[in-house]
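Both ligands and their constituent atoms are indexed starting at 1 by order of listing.
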Amino acid sequence: MNTPLYHALRALSQKHTARFHMPGHKGKDVLPDFGPILPLDFTEVYETGNLYTGEGPIRQAEEQAARFYHAPDCHFLTGGSTQGIHTMLYAAAGAGADVLFDRNCHKSAAHAAAMLDLSPAFVFPKTIEPFGIPGLLCPDEIDRALSQNPSIRAVLVTSPNYYGVRQDIPAIAAVCHAHGAKLLVDAAHGAHFPAVGLPSPIEEGADLAALSAHKTLYALGQSAMLLSGGTIDSDRLREGASLFGTSSPSYAMMVSLDLARDALEQDDSYQKAAEAVHALRLHLAEHTKFRPLTGHDLDPCRLTVSTAGTDWTGDKLADTLYERFGVACEMSDARNMVCIVTPADLGDNLDRLREALDTLSREVQQTVLPAPLPPLPVPRPALSVRRALLGNASTLFLDDVQPGMVCARPVTPYPPGVPVLWPGEEITAEHIVFLRNQCYNTIDRISVYQP
Ligand SMILES: Cc1ncc(COP(=O)(O)O)c(C=O)c1O
């Protein structure tokens, strides 16, 4: 095994030091269900290294991860990709900056915009029908947005997205760099890519990328990584990570990052998971009334299955899978359900999923496909994200929302899975009609800024 942090902490745990430091369990077997984790759960003391000063076995483990992702540098995070997104925007844009966001970006980008007082412009992904999900961004649109706003220094895009759709990162990176802007990639769902033969966003030209190791790898909840292409000062990245992270980063999480990366390198099991997903997609397309997402540049381990064209919603499919078959998917919406597949699902889990979908396919009725979603109303920024999101707000029923009010929190119905409104944007009559007509069963309340 090539796991410098795990090896160092295991050796330290075997020294039987009297641990008069945190955590309070002192590495003893005081919580039996946690088994062997507790002895490895240290803090910044003798020989354990320090995440925020970049030294010791933590640094060695980060270097191994950087090598694995073919990135010049890697920083471990214990606050998820959320912390990574905050850190990327702090380091690449900084307080008060103009930025360009993929409209499909995660809510942590809105929180960063509020904390850093960023002014975002947006590019909208195309919708993939009949799934009603966000698809590709158009590099030409990014080019136009950057030409119109030459002050933008950082662009944030999501790739892959929740449904597994990958952006054309090389093309987007080329456009960003031609305008002197840094490309930041929210790759929260793509930490396993090298294990399925796909490049990391850094190899494709991005300047920074945030990867949630807890989503698709075997790492503990919240553990994540920030990859750097070496174009942004490493000290600024570490400073950002400490600004937005806890001052007591979990060693259990960091060890799990070390072990999870090593597990990816041990065998071809993620490739086997990808092959199983491919086979399941073919099976569903051929033998069921459900529609797997295919034909796009996809994460090969993500299974998105649509109920469009049947009398069931994606939510009903997900609920039925859970209640009748004990199969829990990652998320569902009005037209889709999404499964995250890893090698841990090979065999029993995937067999149960396929058999359940086969059974349920016999129970659903075919219907006409839903009408394509109309384009989203054009955003009208009225107030800074900072004032709208951190100021006073109240939650109103859609029927009580009046045109001219200002939105205080992202309003994201599924479909389209893209915010219809962002904090600080004026709510127009068009927004209200869109939400009433398209999203009545997912959005009935909106958080509205109160001056
Ligand atoms: C696209 C995307 N980005 C970022 C995040 C935040 O990741 P984390 O939960 O690791 O903080 C999520 C979480 O679900 C996400 O779906």
query = Do side-chain atoms of Asp262 reach the backbone of Met1 as a donor and acceptor pair under 3.5 angstrom?
reply = no
Using a cut-off of under 3.5 Å, which N/O atoms of ligand 1 pair up with protein N/O atoms, and what distance separates each pair?
{"residue": "ligand 1", "atom": "3 (N)", "partner": "Asp186", "partner atom": "OD1", "Å": "3.2"}
{"residue": "ligand 1", "atom": "3 (N)", "partner": "Asp186", "partner atom": "OD2", "Å": "2.5"}
{"residue": "ligand 1", "atom": "9 (O)", "partner": "Lys215", "partner atom": "NZ", "Å": "3.2"}
{"residue": "ligand 1", "atom": "10 (O)", "partner": "Ser81", "partner atom": "N", "Å": "2.8"}
{"residue": "ligand 1", "atom": "10 (O)", "partner": "Ser212", "partner atom": "OG", "Å": "2.7"}
{"residue": "ligand 1", "atom": "10 (O)", "partner": "His214", "partner atom": "NE2", "Å": "2.7"}
{"residue": "ligand 1", "atom": "11 (O)", "partner": "Ser81", "partner atom": "N", "Å": "3.2"}
{"residue": "ligand 1", "atom": "11 (O)", "partner": "Thr82", "partner atom": "N", "Å": "2.9"}
{"residue": "ligand 1", "atom": "11 (O)", "partner": "Thr82", "partner atom": "OG1", "Å": "2.6"}
{"residue": "ligand 1", "atom": "14 (O)", "partner": "Lys215", "partner atom": "NZ", "Å": "2.9"}
{"residue": "ligand 1", "atom": "16 (O)", "partner": "His189", "partner atom": "NE2", "Å": "2.8"}

Taken to the nearest 0.5 Å, the spacing of Thr310 OG1 from Leu317 CG works out to 8.0 Å
When every non-hydrogen atom of Pro160 is compared with those of Arg166, the smallest separation belongs to CB-CG, 4.1 Å
N/O donor-acceptor pair under 3.5 Å between Asp207 side chain and Lys182 backbone | no
*If you count the non-hydrogen atoms of other residues, nucleotides and ligands that lie under 6.0 Å from CZ in Arg236, is the total more than 12?*
yes
(message) Please check: side-chain N/O of Thr127 versus main-chain N/O of Gly132, any donor-acceptor pairing under 3.5 Å?
(response) no
